2 protein chains.
Amino acid sequence: MATLLIDERPKLEAEHPCFGCAVRHVSICGVLASGELRTFRQSGTTVRHGAGATIFFEGDPADSVYTLTSGTLRLSKLLPDGRRQIAGFIFPGDFLGLTMEDEHAFTAEAITEAELCRFPRRRFDAFLDEHPHLERRLYLLAAHELAAARQQVVLLGRKTAAERVISFLLMLASRCRKEGGVADRVVLPMSRSDIADYLGLRIETVSRELSALKAARLIQMTDTHTIRLLDPEQLEALAEG
Amino acid sequence: MATLLIDERPKLEAEHPCFGCAVRHVSICGVLASGELRTFRQSGTTVRHGAGATIFFEGDPADSVYTLTSGTLRLSKLLPDGRRQIAGFIFPGDFLGLTMEDEHAFTAEAITEAELCRFPRRRFDAFLDEHPHLERRLYLLAAHELAAARQQVVLLGRKTAAERVISFLLMLASRCRKEGGVADRVVLPMSRSDIADYLGLRIETVSRELSALKAARLIQMTDTHTIRLLDPEQLEALAEG
DNA sequence: CGAGCGATTGATCGCCATCAAAGTGGGTGG
DNA sequence: CCACCCACTTTGATGGCGATCAATCGCTCG
């Protein structure tokens, strides 16, 4: 029995790359039966992007959808004069390219090296027609993103700089926890500039607030991209005023 | 032929209140065939709320969904210390209560007197199971709301007070246009306080910016709740910096 | 070792918030 | 019908938070 598993596993993966996919169960593919998955896989291709690369620009025709399998992306929009707002970060398992319009409203860029599953939109839509239960999954996905966007609206509309930075750290910590990681050790793959543009602040302000939290012994920074939450309880209280 | 129409119409409406519904074709019900509609209607009830009334509070169990048939609502959230952020306004034809959580994340209140179609969530879900094409409609709806929320994120994160107010006016004008109204005459059913809490500003700032636009001959105010856009082109340019 | 980029820290400025007061309009009761 | 009230809006004066300008630090890479 055990030997069968050991022998069979690699063969399955060779036919079905998805079986080896780290995010299969969390992504949209999770609801697919094995036979469906094969068909689905055949309509997609794997793409790799180096850090800083652009997956698509705002205004580009939205003719593909993606699942991120590794790395981190940012979704951003530029105002004509260069001001930038980041609408969200995309982590492994997240879906990308979901839109009703013909054009993408936001630019998607790789923060770290990233790997994605790319599906031509036409094929994806056709597949959707044949598998109606995928639509519920898609709806759940959209509802989830909507909740996140509205949380960001509250943050940007009414929170102070300190509250924004704390909320951001807690958000990342919560995502860490859901993925089974340790709760109080947060990795920030993005730069201060990305954080600032996500929180509607300037990099100097983000830096200052982090320094203040460090001085208050609420966080610890081993390096600039790794933060340890020393008092999650109090941070939680501070995040909401 | 004409007499038949005249005679038959009221009878149809008596059996099928939805036929007389002003928002049937734009709301989620629009995809339903007549037979389906009858079933759907039977699972819903009409509710009325006076101006200022609360439809549900954030934290209330999300056991109903609604379609707004007349009036205007606001979706808001309070921070512990009383700061309020409005995440969106709900207009006739819009869907309300759409959430994946067990509890509503936002409070829904009537700005003007409002009329809604209320559906118990269990029945709605059951109906959804039997009519899979409704799920696509629902997905489209969520995607639309997501786009609106992200637009608000950009507004709150990176726009100045003047740009926010102009963007708001243009948003309402665009909605007016879609509903076949005149493009340059905008009605604001909500108070200055509601506008401020939507735009992440204070009422004084909203008032000042409106006065400035009036002084610049870009808008006209017949009364505090009716605004005429005198130069939509230039307003459009000013809205994006 | 120096160039170059990102992050931090410091000094000052400006937009919008806050505090304050006056204007407006609609509804009520005398 | 008018006087009064109350809530909402507008306008004015001042202040503070976060932006801006500027310098330094620390790291990686050539």
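Here is the naming used below: chain letters follow the sequence lines, and residue numbers restart at 1 for every chain. Everything quoted here is computed from the prediction, not taken from an experiment.
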Here the distance between atom P of C:dA7 and atom CG of A:D197, to the nearest Å, is 12 Å
Separation of C:dC13 atom C1' from A:R202 atom CZ, nearest Å, is 15 Å
A:K159 atom NZ is separated from D:dC17 atom C1', nearest whole Å, by 18 Å
Among the nucleotides C:dT9, D:dT9, D:dA19, whichever has the atom closest to the side chain of B:S191 is D:dT9
B:R158 atom CZ is separated from D:dG18 atom C1', nearest whole Å, by 11 Å
Self-check item: Check: B:R208 side chain, C:dT18 base, donor-acceptor under 3.5 Å
Solution: yes
Using only modelled atom types and a 3.5 angstrom limit, is any donor from either the side chain of B:E204 or the base of C:dC19 paired with an acceptor on the other? yes
- Message: Please determine whether the number of non-hydrogen atoms from other residues, nucleotides or ligands lying under 6.0 Å from atom CG of B:D81 exceeds 12.
- Response: yes
*asked:* Are A:F95 and A:F124 an aromatic pair, judged by ring center distance below 6.0 Å?
replied: yes
Sorted by position of nearest nucleotide on DNA chain C, 5' first, the leading residue of A:S193 and B:A162 is A:S193
- Assert yes or no for the condition that the ring centre distance of B:F119 to B:Y66 is strictly below 6.0 Å. no
### Query
Which part of the nucleic acid, if any, lies within contact of B:L201, taking any heavy atom under 4.0 Å across all strands shown: a base, the sugar-phosphate backbone alone, or nothing?
sugar-phosphate
Between CE of A:M190 and C1' of C:dA7 the distance, given in whole Å, is 16 Å
Separation of C:dT24 atom P from B:H225 atom NE2, nearest Å, is 16 Å
Here the distance between atom C1' of D:dC8 and atom CG of B:D223, to the nearest Å, is 13 Å
The nucleotide from D:dT9, D:dT20, C:dA7 with an atom nearest the side chain of A:T224 is C:dA7
Of A:E209 and B:M221, the one whose nearest nucleotide on DNA chain D sits closer to the 5' end is B:M221
Tested for side-chain hydrogen bond (donor to acceptor under 3.5 Å, both in side chains) against A:D197, the lone hit among A:K77, A:R74, A:R84 is A:R84
For side chain to side chain contact (heavy atoms under 4.5 Å, CB included), just list the numbers for A:T160 and B:R83, CA-CA rounded to whole Å, side-chain angles, deciding distance to a tenth of an Å, and then say yes or no.
-> CA-CA 11 Å; A:T160 65; B:R83 281 173 286 177; 3.9 Å; yes
In whole angstroms, the gap separating P of D:dG18 from CD1 of A:I203 amounts to 17 Å
Exercise for the section: Give a yes or no on whether a donor-acceptor pair under 3.5 Å exists between the nucleobase atoms of D:dG18, that is its base, and the side chain of A:R164. Expected result: no
(request) Select base, sugar-phosphate, or nothing to describe what A:S211 touches, counting heavy atoms under 4.0 Å on all strands. (result) sugar-phosphate
Picking from D:dG12, C:dT8, D:dA19, the nucleotide nearest the side-chain atoms of A:T205 would be D:dA19
task: Check whether the side chain of B:R192 and the base of D:dT11 form a donor-acceptor pair under 3.5 Å.
output: no
